[in-house]
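Some notes on the structure that comes next.
All chains are named by letter (A, B, ...) in the order of the sequence lines, taking the proteins before the strands, and each is independently numbered beginning at 1.
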2 protein chains.
Amino acid sequence: MPKHAKEMEALKAHLGKHQLKYTRQRELILDAFLQQEHITAEEMYHQLAKKDPHLGLATIYRTLNLFCEAGLAQARHFGTQTQYDNISHKGHHDHLICTDCGKIVEFENCEIEKLQQEVATRNGFTISTHRLELYGLCGRCRH
Amino acid sequence: MPKHAKEMEALKAHLGKHQLKYTRQRELILDAFLQQEHITAEEMYHQLAKKDPHLGLATIYRTLNLFCEAGLAQARHFGTQTQYDNISHKGHHDHLICTDCGKIVEFENCEIEKLQQEVATRNGFTISTHRLELYGLCGRCRH
DNA sequence: TATATTCTTGAGACGATTTATCAATTTCAA
DNA sequence: TTGAAATTGATAAATCGTCTCAAGAATATA
């Protein structure tokens, strides 16, 4: 049984629903992606160059965007690059982001999530994912 | 007395401290900026083209970044562009977003904000802005 | 006020990141 | 196995923001 059977099924379900195909490249990229907490397209390109030197950067971008549509990933822009966060792997992480040096601290907070649920319920919504980013200065950059 | 005397003084203080000059362009851009909650350089470029057709885009980028350094603005990457948030503007709100119909509900929640502060403090951060988006289905689309 | 010094501006070149294009290839259902 | 439809890889192109530099503007000094 593959390591990430659950996510692979989720991806296949999305592909089937949209008349898309399950390709070798998509499987390769999914495997690599699910081992990361977050990654950029460029990083993945270099990582996968060993396994498949002909895998194109455009394919990686296309596939990571596909993962976002399938609900496996979430794009987040910081600095000049886009980070693709793995939201299926370890539970959801929120981010503290230093606007000066770019340092990112991940955190989880059940109380905040509970309050989010309350807000959603009060407005008749059913939440599937969320995004919370706190911007400011880290201890070192404050000086 | 100008509309935004306080912010103008803050800018002048920063300029003086760093041996920078108070120019017509900086005043023009400050005036426009303080009327916004957040704006991109491109948006401001078009907005100000009426008042000064020769104002360059590079000057707007430079000036908005200057405002960040002076503590009047905060850069935030959203989509492919950079949003410059007006820090002096109160009334931050978060968003509930329906992934099916695109409906957006705005909300504020002091308790969540308080918990955010706690998380930040615990990690040595000083928050200046944040972004919270809840994605899911609205009441109508759930059926 | 005149002058010297320094900073700023505008225009376009440039670099980095991401998307679009398109012929060749692969997938998948019949 | 076959054929329609989707995908890929290579690269061109678009987008966004910064850099460069000569010309112009702001401030300090006399």
Side-chain angles (χ1 to χ4, degrees), chain A residues 8 11-30 32-33 38-70 73-85 99-100 102, chain B residues 8 11-30 32-33 38-46 48-70 73-85:
Chain A
M8 189 177 288
L11 176 60
K12 283 185 178 172
H14 178 85
L15 296 176
K17 198 183 296 180
H18 294 81
Q19 293 169 303
L20 306 175
K21 293 171 178 176
Y22 190 73
T23 66
R24 185 181 59 78
Q25 289 88 341
R26 284 173 178 168
E27 179 169 1
L28 190 64
I29 294 170
L30 180 64
F33 177 69
H38 51 78
I39 194 167
T40 66
E42 195 73 32
E43 283 166 359
M44 180 163 283
Y45 181 63
H46 288 115
Q47 223 177 79
L48 289 181
K50 299 158 197 163
K51 292 192 176 180
D52 180 355
H54 293 290
L55 185 61
L57 185 55
T59 297
I60 294 185
Y61 274 107
R62 281 187 293 234
T63 304
L64 288 173
N65 287 333
L66 172 69
F67 291 172
C68 290
E69 284 155 25
Q74 195 168 64
R76 179 169 49 84
H77 304 273
F78 187 82
T80 60
Q81 286 192 301
T82 300
Q83 290 280 343
Y84 291 87
D85 293 350
T99 51
D100 199 52
Chain B
M8 188 176 289
L11 176 61
K12 283 186 178 173
H14 178 86
L15 296 176
K17 199 183 295 181
H18 294 81
Q19 292 169 305
L20 305 174
K21 292 172 179 175
Y22 190 74
T23 66
R24 185 181 59 79
Q25 289 88 340
R26 285 173 178 167
E27 178 168 1
L28 190 64
I29 294 170
L30 180 64
F33 177 68
H38 50 78
I39 194 167
T40 66
E42 196 74 32
E43 283 165 359
M44 181 164 283
Y45 181 62
H46 287 116
L48 289 181
K50 299 157 198 163
K51 293 191 176 180
D52 181 354
H54 293 290
L55 185 60
L57 186 55
T59 298
I60 294 184
Y61 274 108
R62 281 186 293 235
T63 304
L64 288 173
N65 287 334
L66 172 69
F67 291 172
C68 291
E69 284 155 26
Q74 172 102 66
R76 181 169 49 87
H77 301 277
F78 185 82
T80 62
Q81 288 190 303
T82 300
Q83 290 281 344
Y84 291 86
D85 292 349

What integer distance in Å separates [X]:[atom1] from [N]:[atom2]?
| X | N | atom1 | atom2 | result |
| --- | --- | --- | --- | --- |
| Tyr45(B) | dT15(D) | OH | P | 15 Å |
| Ile60(A) | dA10(D) | CD1 | P | 12 Å |
| Glu69(B) | dT18(D) | CD | C1' | 13 Å |
| Gln81(B) | dT19(C) | CD | C1' | 15 Å |
| Glu43(A) | dT18(C) | CD | P | 11 Å |
| Arg26(A) | dT26(C) | CZ | C1' | 11 Å |
| Ile29(B) | dT9(C) | CD1 | C1' | 10 Å |
| His54(B) | dG12(C) | NE2 | P | 12 Å |

Sugar-phosphate only, base, or nothing, as touched by Gln19(A) at under 4.0 Å among non-hydrogen atoms: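 Sugar-phosphate contact only - Gln19(A) comes under 4.0 Å of backbone atoms but never of a base.
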What's Leu55(B) touching, base or sugar-phosphate or nothing? Going by heavy atoms closer than 4.0 Å.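 Sugar-phosphate only.
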Please list, chain by chain and in numerical order, all residues satisfying side-chain contact (heavy atoms from CB on, under 4.5 Å) with Asp52(A), sequence neighbours excluded.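 Only Arg24(A), Leu28(A), His54(A), Leu55(A) meet the side-chain contact (heavy atoms from CB on, under 4.5 Å) criterion with Asp52(A).
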List the protein contact pattern of nucleotides 20-30 of chain D with one symbol per nucleotide (5' to 3'): B for base contact, S for sugar-phosphate-only contact, - for none; contact means a heavy-atom distance under 4.0 Å. B-----BS---
Listed partners of Phe33(A) passing ring pair (Phe, Tyr, Trp, His ring centres under 6.0 Å), at least two apart: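 Result, ring pair (Phe, Tyr, Trp, His ring centres under 6.0 Å) vs Phe33(A): Phe67(A).
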With sequence neighbours excluded, what pairs up with His14(A) under the ring pair (Phe, Tyr, Trp, His ring centres under 6.0 Å) test?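 For His14(A) the ring pair (Phe, Tyr, Trp, His ring centres under 6.0 Å) partners, ignoring immediate neighbours, are His18(A).
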Under the salt bridge (charged side-chain N to carboxylate O under 4.0 Å, His left out) rule, collect the residues that match up with Arg76(B), sequence neighbours excluded.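 Scan of Arg76(B) (salt bridge (charged side-chain N to carboxylate O under 4.0 Å, His left out), adjacent residues dropped) gives Asp85(B).
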Please name all residues satisfying salt bridge (charged side-chain N to carboxylate O under 4.0 Å, His left out) with Arg62(B), sequence neighbours left out, ordered by chain then number.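 If we apply the salt bridge (charged side-chain N to carboxylate O under 4.0 Å, His left out) test to Arg62(B), skipping adjacent residues, there are no hits.
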Relative orientation of the end axes in the helix from dT1(C)-dA30(D) to dA30(C)-dT1(D), expressed as an angle to the nearest 10° (five pairs per end):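 For the helix from dT1(C)-dA30(D) to dA30(C)-dT1(D), the axes at opposite ends meet at about 40°.
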With sequence neighbours excluded, tell me which residues meet side chain to side chain donor-acceptor pair (under 3.5 Å) with His38(A).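 For His38(A) the side chain to side chain donor-acceptor pair (under 3.5 Å) partners, ignoring immediate neighbours, are Gln83(A), Glu106(A).
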According to side chain to side chain donor-acceptor pair (under 3.5 Å), who are the partners of Glu69(B), at least two apart in sequence or on a separate chain?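 Residues passing side chain to side chain donor-acceptor pair (under 3.5 Å) with Glu69(B): none at all.
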N or O in side chain of [X] less than 4.0 angstrom from [N] OP1/OP2:
| X | N | value |
| --- | --- | --- |
| Asn65(B) | dT18(D) | yes |
| His77(B) | dC16(D) | no |
| Thr82(B) | dC16(D) | no |

Calculate, to the nearest 0.5 Å, the distance between atoms CG and NE2 belonging to Leu57(B) and His46(B) respectively.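 One gets 8.5 Å once the value is rounded to the nearest 0.5 Å.
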Return the OG1 to CG distance between Thr59(B) and Leu66(B), rounded to the nearest 0.5 Å.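 It comes to 11.5 Å.
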Give the nucleotide from the list dG17(D), dG9(D), dT17(C) with an atom nearest to the side chain of Tyr61(B).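 Selected nucleotide (nearest to the side chain): dG17(D).
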Mapping Leu15(A) and Gln83(B) to their closest nucleotides on DNA chain D, which lands nearer the 5' end?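 By nearest-heavy-atom nucleotide position, the 5'-most residue is Leu15(A).
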When you look at Tyr45(B) and Thr40(B), which way does the side-chain contact (heavy atoms from CB on, under 4.5 Å) test go after all the steps? CA-CA 9 Å; Tyr45(B) 181 62; Thr40(B) 66; over 6 Å; no
Using heavy-atom distances to pick each residue's nearest nucleotide on DNA chain C, tell me which of Gly56(B) and His18(B) is more 5'.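 Its nearest nucleotide lies further toward 5', so the answer is His18(B).
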